[in-house]
There are 2 protein chains.
Amino acid sequence: MATQQLATWSVNLQYANLTAPVIAAAVTSLYNWAGCAIGGYQQPAPSLALNATFPHFGGAPTSSILALANDSTQTDAQIAAFVNGIAGHVDDYDDTHLATIIHPTGTVASALFAVAEWQGGVTGQEFVTAFVAGVEAELKLGLAVWPEHYDVGWHDTSTTGSIGAAVAVSKILGLDIPTTQQAIGIACTQVIGMQEFFGSDTKSFHIGRAAQGGMIGALLAQSGFTSSLQGLEAQFGWVHVVSTRENVTAEFDQLGEVWEILSNTFKPYPCGIVMHPSIQGAIEVQSAALGQGLRIQDITSVEARVNPETLVLTGQTDPETGLEGKFSVYHGIAVGLLFGQATPSQFTDSVVTNATVVALRKLVNVTTDSTINEDEAYVSAVFQDGTNVTQHIVHVIGSIDNPLNETQLKDKFMGQASLVLGEERAGKAYDAFMGIGNVSDVGLVVKMFSGVNGTNKIGLCTEEI
Amino acid sequence: MATQQLATWSVNLQYANLTAPVIAAAVTSLYNWAGCAIGGYQQPAPSLALNATFPHFGGAPTSSILALANDSTQTDAQIAAFVNGIAGHVDDYDDTHLATIIHPTGTVASALFAVAEWQGGVTGQEFVTAFVAGVEAELKLGLAVWPEHYDVGWHDTSTTGSIGAAVAVSKILGLDIPTTQQAIGIACTQVIGMQEFFGSDTKSFHIGRAAQGGMIGALLAQSGFTSSLQGLEAQFGWVHVVSTRENVTAEFDQLGEVWEILSNTFKPYPCGIVMHPSIQGAIEVQSAALGQGLRIQDITSVEARVNPETLVLTGQTDPETGLEGKFSVYHGIAVGLLFGQATPSQFTDSVVTNATVVALRKLVNVTTDSTINEDEAYVSAVFQDGTNVTQHIVHVIGSIDNPLNETQLKDKFMGQASLVLGEERAGKAYDAFMGIGNVSDVGLVVKMFSGVNGTNKIGLCTEEI
């Protein structure tokens, strides 16, 4: 029943069913993701993935690589979803549904945006509605198998994300309920993502590959390819194979009643979310110390007390690359103290291996305390003169109780996008994605900031078989 | 260590290390698969998959769809691997490593053949060596997690197959040991295939998608994409995430000592292997009954006693499609009794829904007995005059103790391929794949039977990025 229940809800969902806060959360999620997908292209992974696939496997140019909008580079929808999916997550700067640690937008938006551009004529309202359907699907599934599924080592962002992408793409393709069930089945049988790959290019590969997996599920189902009508709940289907616990029925009964997208949060720092309170603590210690005339180079020791999950996920003491630095609370604290900020510039290979950073990192000691919440931390620095500066972060910025405001979100977008597109086009891109819910054709969004009238159809001319 | 151990063994493996029986088993596995990949194209799934992807996502035409060799249809290597992978498995007629129920050739051969055609200049000896490396990798992994991994619902043919494909493609691309480890990691994090999808098009999708997953792993690793050097054995890597039991070290210690490919068997009937003894029993009952002047339409009841696994995997009592019929021991017995054979023609939608077949199927009763081996069955039919005809199959044809001989394997190949390519080209195809170990360039194999000098580069002209 679960697969049918999900498909029925999604197929019947209308824009009019979305509340104003749901629409606002969807639009914020989308433009926050777009900023990440543009800025993240500065990392190696997205262009490595493009260059390893596109020259050999690139098909009809229908869909944009967002970061390459300056020259309107398009490729086929599968590769666009893959590359944008990787770029949107590679900085670990996207968004987080805190109850599941799922970063929900990337998989669904990557697939959906590529298909919407390819298909043409998808309105902003249709797009937002399909996006919400996909996000609710993945988050309800994530809750249904939490935490057993995550604890065994799956990367739940992508394991649920392929199913969310299948739901969203099925909706935008206009598939009926049983065909949507078949699409969900094909997505179910592709389980992408394990935690071993955190800190490598493959973490963001998970998002791109899951987006492709959901997309291919919807396209195959549309063509009449069969899978199962109960891919989720069957004895040898998704839920039971990937988790020792499941509560799908209870979660799906809340579809449209409790909107998970309202619990989505946006990262202030481009790294594992569990180290964010420590980073903010370090930044505030720096500020307070400088205000007292202290010098960071005079620090003799640093102590942080954090929630235990912090060390489980970000306990790397000796990161050697920028990506590994994103999973080192020690590095996060060091750059917070040294730079007073933690932006993508603080998570490059060169900063992670910088001698000053490394030296300060080695002074950091982290202890865990299960009475400390996940959005909370204490950070203290002791200076040569014996002064101790301590900051207590009660609710870290970006948490559900202390969300980024619109100005901060715009600054985050511009800080990423302007480095890639230039200031002017980044501003237009912000406006375009902010307004995505109102456009008559989502395929026009990239044209609103690309600065090119036509598109640069890289590569190919295709005939039908 | 396991990932490094596997990569080291594979990179160092030379053709000279292969024993004559290993080479023979590899060549038999390859031509048996090729026959299936040609004949299986008559099912809907392969062309549905081609048509849902190729017109939109097809890239540079480098690699053949085997069944479309008559007009030398080529597409990019990813889609060729996908479609040949589906076609080679869709009839459930390929091969089986009995200790794991893995059908080992499809994933590895689909990926490897497509890449070999694309890259060019791969000799038959290099091809066979890489193929053996990939097959040994997937089968040792399958043994290492058997049976817990299978019992929870995974389709181990494809869950291990993506890793086997990554190993084989890495070898043919000449990747070094650490780069092969990275490729294995990317394959590890894509776990394709659950048993819920048996009896649908998605079962064979598993093979095509796993072939693509392994291929993309090798290509990304080649480009410098990072994953992990211990994707298999890490706490949150493949082995521990997908199984509650593992014995990878013990299995990998036997690499090159115990060759799993020597235990590969070839199916005499295009359906779930656990129903094969019952089918042969039914065929022999028919033969004996006709010899006694009895008429099949006078059967009043049929009893089969079988190993318990038979009903677990092929217990469908009321199949409605040809694919479902492949997982119904009841259907298998009915067609064995009625037709005296079980070829792809007995597993079509129309035969599965034929009134005479359905009526006889309803007379079949199956009981399980754990003292009966998996390659054994008793089948009895009672006729209107009270005569009881019983046959006991001790080792079913196609089992390790009663393998198909070369004539039977050639008949199997020709029976499939001639329907698609015509008799003459099918004969040339048989010769070409029989001789694959000796060619100077595997890319020439399809030209040896396609009857076209040039290739029909469907669709595309591509520029480099």
Side-chain angles (χ1 to χ4, degrees), chain A residues 44-45 48-60 62 76-79 118 152-154 185-186 188-197 200-202 205-206 209 216 219-220 222-228 230-231 234-238 240-241 323 458-465, chain B residues 44-45 48-60 62 76-79 118 152-154 185-186 188-197 200-202 205-206 209 216 219-220 222-228 230-231 234-238 240-241 323 458-465:
Chain A
L48 286 176
L50 181 66
N51 290 321
T53 56
F54 176 79
H56 323 301
F57 310 137
T62 62
D76 69 57
Q78 271 206 116
I79 290 180
W118 167 30
V152 79
W154 292 110
I186 302 169
C188 282
T189 206
Q190 304 171 70
V191 189
I192 310 295
M194 295 175 187
Q195 292 162 26
E196 167 59 16
F197 305 98
S200 79
D201 295 331
T202 298
F205 166 85
H206 295 163
R209 194 61 170 169
I216 193 83
L219 293 171
L220 286 174
Q222 183 183 39
S223 82
F225 209 82
T226 60
S227 69
S228 163
Q230 46 275 326
Q235 182 190 357
F236 293 141
W238 191 85
H240 298 295
V241 171
L323 289 189
I458 284 201
L460 344 145
C461 50
T462 340
E463 299 161 26
E464 298 285 309
I465 272 182
Chain B
L48 286 176
L50 182 65
N51 290 321
T53 55
F54 176 78
H56 323 301
F57 310 137
T62 62
D76 68 58
Q78 272 205 117
I79 291 181
W118 167 31
V152 79
W154 292 110
I186 301 169
C188 282
T189 205
Q190 305 172 70
V191 189
I192 309 296
M194 295 175 186
Q195 293 163 26
E196 167 60 14
F197 304 97
S200 80
D201 295 332
T202 298
F205 166 86
H206 295 164
R209 194 62 168 168
I216 193 83
L219 293 172
L220 286 173
Q222 183 183 40
S223 82
F225 210 82
T226 60
S227 69
S228 163
Q230 46 275 327
Q235 182 189 358
F236 293 141
W238 192 86
H240 298 295
V241 171
L323 288 189
I458 285 200
L460 344 142
C461 51
T462 340
E463 301 161 25
E464 299 283 309
I465 270 182

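Keep in mind that this is a model prediction, so the values were computed, not measured.
Here the shortest heavy-atom pairing between B:H240 and A:V152 reads O-CG2, 4.1 Å. Taking each heavy atom of A:I216 and B:R209 in turn, the nearest pair found is CG2-NH2, 4.0 Å. In terms of heavy atoms, A:G231 sits closest to B:F197 at CA-CZ, 3.9 Å.
Using a 4.5 Å cut-off between heavy atoms, B:I79 does not touch chain A at all. For B:W238, the parts lying under 4.5 angstrom from a heavy atom of chain A are both the backbone and the side chain. Proximity to chain A (any heavy atom under 4.5 Å) is shown, for B:Q230, by both the backbone and the side chain.
When side chains are defined from C-beta on, A:M194 counts as touching B:T189, because their heavy atoms get closer than 4.5 Å. Between B:V241 and A:E196, the closest side-chain pair of non-hydrogen atoms is not below 4.5 Å.
Looking only at distances, a side-chain donor or acceptor of B:T202 sits under 3.5 Å from a matching main-chain atom of A:T226.
Here the straight-line distance linking atom CG of B:L48 with atom CZ of A:F225 works out to 7.0 Å at 0.5 Å rounding. Taking CD of A:Q78 as the reference point, atom OG1 of B:T53 lies at 7.5 Å (rounded to 0.5 Å).
Interface remark: of the candidates A:G237, A:A52, A:S227, A:G153, A:S227 forms the most heavy-atom pairs closer than 4.5 Å to chain B. Of the listed residues A:A77, A:P44, A:S228, the one with more heavy-atom pairs under 4.5 angstrom with chain B than any other is A:S228.
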